[in-house]
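Notes to accompany the following structure.
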Amino acid sequence: MSDIMYKSTRGSEKKVTASMAIVQGIAEDGGLFVPESIPAIDFTLEESLSYDYRELAYRVLRLLLTDYTEEELRFCINNAYDDKFDTKLIAPVVSAGKYNFLELFHGKTIAFKDMALSILPYLLKTAARKNGVKEDIVILTATSGDTGKAALEGFADVEGTRIIVFYPETGVSPVQKRQMVTQVGKNTKVVAIKGNFDDAQSAVKRIFTDNALKAELKEKGYVFSSANSINIGRLAPQIVYYFYAYTQMVKSGKIKVGQEVNFTVPTGNFGDILAGYYAKHMGLPVNKLICASNDNKVLFDFFETGVYDINRDFILTPSPSMDILISSNFERLLYHSCEDTEKISSVMGKLSKEGKYSFEVNKEFAGEYATTSQTLEAVKELFEATNYVMDTHTAVAYASYKKYVANTGDNTENVIVSTASPFKFAKDVLKAIDEKYEGIDPFKALEELEKVSKISVPAPIKGIDKRPVLHEDVIERENIEAYVKKQLIG
Ligand SMILES: *Cc1c(COP(=O)(O)O)cnc(C)c1O
């Protein structure tokens, strides 16, 4: 098997191994690492039916992370996908009425980010060793709520690493915020930013490409890496669950082996759905990838018009992890659609200068969106019909999927990717089900949702309002760089 090398979407000629791409996080020219070619699976779909999650993860990851040995990969996988997950299936497909949900929220922080962030620290530590990196690795993470906590859990007290998480002060749910500011671990820092997610993400990306700062910190024994989905080490593990969902759809008799399915994915930074695109190009029979947006529907508008335009208001919604205008991973899709790095550089230059660009629309995707009221109605509708409680992000996907079917008549079997436990957004979920919960305390809402859903409050957030707050820093977005320096070198 020949090595898959990674290169920047923006063209610097240098090619790096998978492990080096994971250590660096982002390419030096500000582009994202992409595989030079997308490898085809070398197992059959029939064979995949007999694999458990770990075996399937190994079969998929070995094709992409080719410079890791079998022993290294199995070590990473076995440590990631163990009893941290509250179900042996790791990522079960469950049905409610005629809808299929791929539940990606059975890990430590009850959101889909756990799927990749349970394994990333192992992949990164292994990569650092393979590449002779002696410095401490500093993980800088911008979060719209879920990545931050999942990264903190993954990296807390991991030797040789530090982690600093930036979240928008008013842009995350009360439970998300609580989860982060109560984080233990002597190598962890959590900071609120006065600004939105895009501000935090842009500031962090700037630090990654600030060569003077990087040189200064390297002197002091630190290198930066990223736990955001700009890191290929986040993306690759997400491909696995698309294959895994497919095996479950076959086993439950919903589809025959080889039959195409659709996936509807609630989208923010375009990382989750891009993993579905990679799965398709590796050989999974996928018809359409339905990209579901909330009121921040930049992507929906793009798929309609071919114009990506962020010159609009940033809207706070009950699905905060999707409140994003600049979807970083979209750059990777644009690259794979044309493989022209000069074009990508110019398009990304336009985005940062004018806030918009035009590009040919990729027809493998369909865009849809749900407004806030459609999202909340969806939670109520499905609960009343089936007793299944969706979180607000999953509800965006469900409502978008229904609009897609109404508009196209496409009756391909569909999997809705369910990205968070409803307990993470308990207050909004309850309000959607019954307006009598309008003024409920967000932590009281956990117990109430337990009664309504007949599902116990997940262990990771039980009693979370009683845990001590350990992180109280709030800073201006201009001060992110100074803050990082102060933390590391005083
Ligand atoms: C991060 C997140 C999303 C969006 O995923 P992307 O990979 O950023 O597109 C959707 N729902 C939840 C609950 C999330 O945490």
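In each ligand, atom 1 is the first atom listed, and ligand 1 is the first ligand listed. We're numbering straight along the sequence, starting at 1. Keep in mind the model is a prediction, meaning the values are calculated, not measured.
- A salt bridge links Asp199 with Arg477: the closest approach of a Lys/Arg side-chain nitrogen to an acidic carboxylate oxygen falls below 4.0 angstrom.
- Taking the charged nitrogens against the carboxylate oxygens, Asp301 and Arg312 do have a contact shorter than 4.0 Å, which makes a salt bridge.
- For Lys280 and Glu364, the salt-bridge test passes: some basic side-chain N is under 4.0 Å from an acidic carboxylate O.
- Look at Lys84 and Glu153 and you find no salt bridge, because none of the NZ, NE, NH1 or NH2 atoms lies under 4.0 Å from a carboxylate O.
- Aromatic rings from Phe359 and Phe302 are positioned such that their centres are separated by 6.0 Å or more.
- For the pair Glu384 and Lys380, the salt-bridge criterion is met [side-chain N within less than 4.0 Å of a carboxylate O].
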Once you restrict both partners to nitrogen or oxygen, which atoms of ligand 1 have a protein partner under 3.5 Å, and how far apart are they?
unit_1   : atom_1 : unit_2 : atom_2 : d
ligand 1 : 7 (O)  : Gly271 : N      : 3.2
ligand 1 : 7 (O)  : Asp272 : N      : 2.8
ligand 1 : 8 (O)  : Asn269 : N      : 2.7
ligand 1 : 9 (O)  : Gly268 : N      : 2.8
ligand 1 : 9 (O)  : Asn269 : N      : 3.2
ligand 1 : 9 (O)  : Phe270 : N      : 3.0
ligand 1 : 11 (N) : Thr419 : OG1    : 2.8
ligand 1 : 15 (O) : Lys113 : NZ     : 2.6
ligand 1 : 15 (O) : Asp146 : OD2    : 2.5

